[in-house]
Amino acid sequence: MKIAFVGKGGSGKTTLSSLFIRHLAAHQADVVAVDADINQHLGTALGLDEQEAAALPAMGAHLPLIKEYLRGTNPRIASAETMIKTTPPGEGSRLLRVREENPVYESCARTVRLEDGGIRLMATGPFTESDLGVACYHSKVGAVELCLNHLVDGPGEYVVVDMTAGSDSFASGMFTRFDMTFLVAEPTRKGVSVYRQYKEYARDFGVALRVVGNKVQGPDDLEFLRDEVGDDLLVTVGHSDWVRSMEKGRPPLFAQLEEPNRAALRTLREAADASYARRDWVRYTRQMVHFHLRNAESWGNAKTGADLAAQVDPDFVLGEQAAQFSAPQPA
């Protein structure tokens with residue numbers, strides 16, 4: 001399952017995504033975690049020190065390798081240089097699996113050892129001073145979107161993405177790449193404002209959106225969230241001494257996380273797992289093509305000097321069956 005954590009800055013989405021990743025690892029699940037936030041904090045939330053987190057390879061820096069690998073033998077793609085963030089796979093493309101070894105993971109992922117298992121961690125890379133005035137952060141997350149477009153995951157496999165704050169992900173089609181989107185909201189007017197934006201933008205695309213109320217301190221906070229988000233409210237999370245210790249760099253054993261918060265994580269996993277039965281690869285592929293054609297017309301054709309609409313394979317549907325016929329890995 002592909003799962004996104006979104007919310008306004010300071011809502012606690014990185015903390016909750018890291019707790020969810022730890023919960024999955026504690027149950028021996030296969031996990032690829034992706035830090036796609038403009039502020040790169042997922043690594044430290046998973047226990048890396050500052051030096052280790054800063055040493056994570058940036059996916060954006062390996063974009064040429066990612067493109068060349070995913071291109072495979074797809075005859076509709078003349079060169080890796082003509083691929084953009086929305087380029088869809090077709091016959092001959094290489095697809096990614098959660099459990100496999102491949103050059104993309106070798107270059108861009110690092111294994112993070114948690115108490116009960118390990119996970120793969122990937123990061124877009126930070127937005128640096130050298131990018132100011134010459135780059136847009138959406139170009140950084142383009143590598144993530146391209147990988148998601150070529151990813152085939154099955155039951156019991158999880159790709160967890162800590163998204164950039166606010167509604168920035170709507171600048172591309174990446175918000176449609178997930179089976180489940182967890183929106184972390186505090187019980188405040190600002191806390192639910194991003195929810196309203198997501199709800200409005202996602203309405204026409206069948207995006208599964210559930211709200212996780214964070215920093216909920218009592219019945220009044222709970223009533224406020226229920227009034228504001230209605231049935232989209234899935235679960236709430238309150239104060240955690242475990243999280244406070246983690247944020248100080250001294251996390252206790254994960255098994256010592258408070259039971260109410262452990263129960264909340266179980267609810268998140270149940271909701272994520274239930275989304276697998278509703279998966280529609282045809283719709284997923286159609287949305288991928290939709291955003292690719294929009295990007296091709298608005299800027300992609302001019303930037304690459306190619307007709308990117310020709311990259312669309314009308315007979316191709318991404319899915320677990322397609323993965324059996326993807327191009328082999330390079331020798």
Side-chain angles (χ1 to χ4, degrees), residues 1-7 11-37 42 45-47 97-99 111-122 148 151-163 175-185 195 198 202 206-216 222 225 229 231-240 242-243 246 251-280 284 320:
M1 278 65 68
K2 293 181 279 289
I3 302 153
F5 279 81
V6 301
S11 64
K13 67 178 181 59
T14 297
T15 297
L16 281 170
S17 60
S18 71
L19 291 176
F20 185 63
I21 291 164
R22 289 176 184 269
H23 172 77
L24 295 174
H27 290 82
Q28 308 302 309
D30 293 294
V31 181
V32 174
V34 182
D35 191 344
D37 195 352
L42 184 58
L46 289 170
R97 298 300 304 252
V98 171
R99 293 190 174 103
T111 298
V112 176
R113 297 293 176 189
L114 302 172
E115 298 156 24
D116 301 306
I119 60 101
R120 278 185 171 130
L121 175 61
M122 305 171 75
L148 290 175
L151 180 80
V152 177
D153 54 305
E157 299 175 335
Y158 300 86
V159 179
V160 182
V161 182
D162 180 20
M163 298 283 282
F175 73 100
T176 66
R177 303 295 85 199
F178 302 101
D179 299 294
M180 176 60 65
T181 296
F182 292 127
L183 190 145
V184 181
Y195 159 77
Y198 252 85
V207 173
L209 178 66
R210 302 303 303 273
V211 174
V212 181
N214 193 28
K215 306 176 186 179
V216 175
L222 179 59
L225 286 172
V229 308
D231 292 340
D232 285 338
L233 182 63
L234 175 65
V235 71
T236 62
V237 178
H239 173 77
S240 171
W242 192 98
V243 169
M246 181 269 288
L253 294 175
F254 184 64
Q256 297 176 14
L257 180 69
E258 301 86 355
E259 175 53 31
N261 293 328
R262 294 176 67 85
L265 295 176
R266 290 194 294 269
T267 299
L268 294 184
R269 184 177 183 181
E270 289 168 1
D273 288 346
S275 69
Y276 182 78
R278 301 188 297 271
R279 176 174 285 183
D280 184 346
Y284 188 87
E320 294 177 63

Item checked: Gap separating the CZ atom of Phe5 from the CG atom of Leu19, nearest 0.5 angstrom -> 8.5 Å
Margin query: I need the minimum non-hydrogen distance between Arg269 and Ala29, along with the two atoms involved.
Written below: NH2-CB, 4.3 Å
Notebook entry, point to check: So how far is it from Ile21 CD1 to Asp162 CG, rounded to the nearest 0.5 Å?
Noted result: 7.5 Å
Next item on the list: With the side chain counted from C-beta on, respond yes when Arg177 and Tyr284 share a heavy-atom pair under 4.5 Å apart, and no when they do not.
Entry: yes
Check: Which pair of heavy atoms, one from Arg120 and one from Val98, lies closest together, and at what distance?
Finding: NH1-O, 2.8 Å
Next item on the list: Heavy atoms only: give me the nearest Arg22-Ala45 pair and the separation to one decimal.
Entry: NH2-O, 3.1 Å
Notebook entry, point to check: Just by distance, with hydrogens left out, do Tyr158 and Asp273 show a side-chain donor and acceptor under 3.5 Å apart?
Noted result: yes
Check: Between CG of Leu16 and CG of Asn214, what distance do you get to the nearest 0.5 Å?
Finding: 4.5 Å
Checklist line | Separation between CZ of Arg113 and CD of Glu115, rounded to the nearest 0.5 Å | finding: 14.0 Å
Notebook entry, point to check: Any side-chain heavy atom of Met246 within less than 4.5 Å of one from Thr15?
Noted result: yes
Item checked: Leu46 vs Ile119 side-chain heavy atoms within contact, under 4.5 Å -> yes
Notebook entry, point to check: Can you name the residues that form a side-chain contact (heavy atoms from CB on, under 4.5 Å) with Arg210, not counting sequence neighbours?
Noted result: Met180, Phe182, Leu234
Next item on the list: Mind listing the closest non-hydrogen atom pair of Gly213 and Leu225 along with its distance?
Entry: CA-CD1, 3.7 Å
Next item on the list: Could you label the plane-to-plane angle of the His23 and His27 rings as parallel, tilted or perpendicular, counting under 30° as parallel and over 60° as perpendicular?
Entry: tilted
Margin query: So does Lys2 get a backbone contact from the side chain of Asp179, meaning a donor-acceptor N/O pair under 3.5 Å?
Written below: yes
Checklist line | Closest approach of Ser275 to Met1 (non-hydrogen atoms, all atoms of both residues) | finding: OG-CG, 3.7 Å
Check: Are Leu114 and Phe254 side-chain neighbours, meaning at least one heavy-atom pair lies under 4.5 Å?
Finding: no
Next item on the list: Apply salt bridge (charged side-chain N to carboxylate O under 4.0 Å, His left out) to Asp30 and list each qualifying residue two or more places apart in sequence or on a separate chain.
Entry: Arg99
Notebook entry, point to check: Would a distance-only check, ignoring hydrogens and angles, find a side-chain to backbone donor-acceptor pair under 3.5 Å from Glu258 to Trp242?
Noted result: yes
Check: Would you call Val184 and Val237 a side-chain contact if the rule is heavy atoms closer than 4.5 Å?
Finding: no
Next item on the list: Can you measure from CG (Leu24) to CG (Leu265) and round to the nearest 0.5 angstrom?
Entry: 8.5 Å
Check: If you look at every heavy atom in Leu268 and Val212, which pair is closest and at what distance?
Finding: CD2-CG2, 3.6 Å
Next item on the list: First locate atom CZ of Arg266, then atom CG of Asn261, and finally report the distance between them rounded to the nearest 0.5 Å.
Entry: 10.5 Å
Check: Got Val159 and Met122 here, is their nearest side-chain heavy-atom distance under 4.5 Å?
Finding: no
Check: Do Asp37 and Lys13 come within less than 4.5 Å of each other through their side chains, counting heavy atoms only?
Finding: yes
Note to self: What verdict does the side chain to side chain contact (heavy atoms under 4.5 Å, CB included) test give for Phe175 and Val6, after you've listed the backbone C-alpha separation in whole Å, the side-chain angles of each residue and the deciding distance to 0.1 Å?
What the structure shows: CA-CA 10 Å; Phe175 73 100; Val6 301; over 6 Å; no
Notebook entry, point to check: Backbone N or O of Ala25 within a donor-acceptor pair of the Asp116 side chain at under 3.5 Å?
Noted result: no
